[in-house]
Every structure is written in C-alpha cells, then in structure tokens.
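A short write-up of the structure that comes next.
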Amino acid sequence: MELESKLELVCRGALEIVTPEELAEKIKKDDKTAYIGFEPSGKIHLGHAITIRKMMDLQEAGFKVKILLADLHAYLNGKGSLEEIKEVSDYNIRCFRALGLSEDTVFVLGSTFQTKEDYTYKVYELALATTLARAKRSMAQITRESKDHKVAEVIYPLMQVVDMMFLETDLALGGMEQRKIHMLARENLPKMGYEAPVCLHTPLLHGTDGSEKMSSSKGNFIAIDDSPEAIKDKIKKSYCPMGRVEGNPIIEIAEHFIFTESDTLLIERPDKFGGNLELTQEQLKDSYEKEKLHPLDLKNAVARELTKIFKVVREYLKDN
RNA sequence: CCCGCCUUAGCUCAAUUGGCAGAGCGUCGGACUGUAGAUCCGAAUGUUGCUGGUUCAAGUCCGGCAGGCGGGACCA
C-alpha cells in the first residue's frame, strides 16, 4: 500500500492525531505497534466498535495491534473483583474478534505484566513526577462516579502511561476521553527514556439518551451483539430531535457504521410521507437539517441497516 | 489509638415528644406529538449500613461492628 493511502486510511474518521508529522514518520517503520486498552466490560457497544474498527484500519496500514484487557485498571476503577473482571475479559476478546480484527491481533491481560518488579518501579518513578491535580484531572471522564475518591484513581493513569512503554507502543488509540492521559504519557515517557507514542483519538458516540458519551454503566448503549429486536427498540427510544444533526446519536450511528460501508442509505417511507429515498451522507444530513427527513423514517432505516451490519458479529459470537 | 458527626428508594435528601417511611430527580406506563425529548397525567421502588438490646411500638433511644468525613493523640 502506498504511504499516502496508508496515512489517509489511518486518519480517516479520527478527531485528532498528535502529531500528524510523527505519524507520517512512524508509518514508514517496518515494525510498528498500535495499542488500545479497554476495561473489561459486561457489554461491548458501538462506542467500543468505533475504536476497534479504527484498529482494523491500522492493521491494514501495517501496524501490529495489541489490545490490552485492562483488568487491573477496571479493578482500580471499582468495577468488581479481579476474578469477575477476568471472566468478562474472555467474553470481550470474543467480541473484539467478532468485530473483524485479524488473526494476528495480540490480546494482553493487564495483570500478566503490570505486577512485575520493573513495571512497578516505573509506576513509582512516574508517581514522583506527576502532581495529584494532574493525575486527577486526567481521569475526569473515566472515573466511576463517586464522591469518595480513592487513591486508585490516580494510580490508574500512571499505569496506563507505563503500559504504553511495556507494550512497546508506537501509536496509542483511544476515544477523546483518553486524551489527557495520553498527553501525560507524551510528556513523561521521554523522561523515562521511551519515545512518546503518537496518539490517535476517535470521536465519542453520544448515548442513545443524547448524553455526552455512550457507556455501559449508563445503559444508554447499543451492544454489538444486541438482537435485532433490541436494536430496533433502543433506536426507537433514542433521543433524536427533529432537524438537529449536532449531537444526534442516530445521525452519528449512520455516519460511523452505515456510511462507512456504503455510499447511500435507503429511507423507506410510506407514500403519504413522500415515498422512498436514497441518500448519501451529505444529502441525509442536509435533508434532516431542513426537516425534509423525519426522525422516525431515519430511525427505521438506521435500525434496519445496523441490524444487517452486526449480523456477522451476532453469528460469530453464537458459534465461537 | 482516642473523640465527634454521618449512613433512609437507583441518586440527592425529608420524617415533630418513639406512633402506618416520604419528596424531588431518575426509572417504567399512558396522553400529546408521524420518533425520541419537552410538557401533562399515572405507577412502581425500601432488610432505614449490619448486629444485639429497651419498648405495646424503634429510622428515631442504648450497646457492639463496618464504612465515610472531621479533629486529636502518638512520633523515644
């Protein structure tokens, strides 16, 4: 693949790359590794899927992909006992594979290396270099909601920074909520003798309730293995203001999952509402904004396509 | 280690001298919209942190334990 097209592929849909210049250099390397970490979660949803798809782009561009099942991080974030978390992580690996990552994807369970002596010393070293305020700030969008803040909360970002070093990361991928931790990494890894990774941030998907972020804890997600009925039901219940494209979860789903696979979306609607339409992404946004496309018609079309797109995922998970 | 205050619905908090455990938010359902939301109705929700006691009767009083917050003490 040409360098230019690799770059284009990697950057497609990214909200931010720190920095594009460094990426252009990294991408020339023969051996290059991209990493992302996930706290094991009971449900893998569309938000996760956006980053996994980006990882697939990176694989195509020649990156070796490492997925961290951050069991200790989940533990530090109060998600349950280590044993429960490990169990969920096996399910998560199946989900990630189902989404289409290649066979040579490396899955790493965090606790297998995060308790090693040299790792621990690096965490301490970073702990000494990082102010409390900075560590807390980096966790603002990640920490489980609670007013009783635990020390665990500030250990978490430090470990994440050290992870990048131990996983020999050239590129760290994450949603925008990861950016403050990533910046902490870029600032401090060089001080510890490790070249800072390029950071690539994907947009966050709004929750089906219209809130800032889709997250399993808030129950405002569509899971990648939701049944067609559940998908339809959740989309029907979703926040979707007439004429408003900005922050509209249904429009976002169309953008990220439908128009990435096909150029147009078929809107089926009764003749009395204008009959069927076939729209490109631009046309869809335009008609929606002008209120020429009704939210319900949009929802029906999105639910139909989303069900189709995730059929292979549901089937993979049934058989594996 | 000691002292004080706190712990009630998913969340924030009420509950008189001990007398049927409530509200707001959220959730769910209905109405209204050709979606959702907003709005208007309606409903559900509890081992009152755990435990022992006093009492006809304990969220409330007494003891113990746990967790949280604040202070004190210890620092040869």
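Throughout, protein chains are lettered first and strands after them, A, B, ... in sequence-line order, and every chain is numbered starting at 1.
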Considering only residues two or more places apart or on different chains, which pairs with a residue in residues 233-257 of chain A satisfy salt bridge (charged side-chain N to carboxylate O under 4.0 Å, His left out)? A/D226-A/K234, A/D233-A/K237, A/E255-A/K285
Just name whichever nucleotide pairs with B/C40, Watson-Crick or G-U, keeping both distances under 3.5 Å, else none. B/G30
What's the gap between B/G46 and B/C13 when it is taken at their C1' atoms, as a whole Å value? 15 Å
When both distances are under 3.5 Å in a Watson-Crick or G-U wobble arrangement, the nucleotide paired with B/C69 is B/G4
May I have all residue pairs that pass salt bridge (charged side-chain N to carboxylate O under 4.0 Å, His left out) and include part of residues 263-276 of chain A, sequence neighbours excluded? A/E268-A/R304
Mind checking the C1' distance from B/G24 to B/C62? Whole angstroms is fine. 34 Å
B/G46: pairing nucleotide in any strand, Watson-Crick or G-U under 3.5 angstrom: none
Please report the distance separating the C1' of B/A58 from the corresponding atom of B/G63, rounded so that it comes out in whole Å. 15 Å
Indicate, with a heavy-atom threshold strictly under 4.0 Å, whether A/D297 touches base, sugar-phosphate, or nothing. base
Which pairs pass salt bridge (charged side-chain N to carboxylate O under 4.0 Å, His left out) with one or both residues in residues 286-303 of chain A, sequence neighbours excluded? A/D286-A/K290
Apply the hydrophobic cluster definition, ILVMFWY joined by side-chain contacts under 4.5 Å directly or through others, and give me every member besides A/L15. A/M176, A/L204
For B/G70 and B/G52, measure between their C1' atoms and round to the nearest Å. 29 Å
Using purine N1 to pyrimidine N3 plus N6-O4 or O6-N4 for Watson-Crick, or N1-O2 and O6-N3 for G-U wobble, both under 3.5 Å, which nucleotide pairs with B/G63? B/U51
With sequence neighbours left out, which residue pairs that include part of residues 2-17 of chain A fulfil the salt bridge (charged side-chain N to carboxylate O under 4.0 Å, His left out) condition? A/R12-A/D57, A/E16-A/R179
Pick the C1' atom in B/U48 and in B/U7, then give their distance to the nearest Å. 10 Å
Looking at A/E125 and A/K122, is any side-chain nitrogen of the basic one under 4.0 Å from a carboxylate oxygen of the acidic one? yes
Where do A/S227 and A/R314 come nearest, in terms of heavy atoms and distance? CA-CD, 4.3 Å
Under a criterion of less than 4.0 angstrom to any heavy atom of chain A, what are the 5'-terminal and 3'-terminal contacting nucleotides of RNA chain B? B/G34 to B/G68
Spacing of the P atoms in B/C25 and B/G42 (rounded, Å): 13 Å
Quote, to the nearest angstrom, the C1' distance that separates B/U16 from B/G59. 14 Å
Using a 4.0 Å heavy-atom cut-off, does A/K236 contact any base of the nucleic acid, only the sugar-phosphate backbone, or nothing at all? sugar-phosphate
On a whole-Å scale, what distance lies between the C1' atoms belonging to B/A76 and B/G4? 30 Å
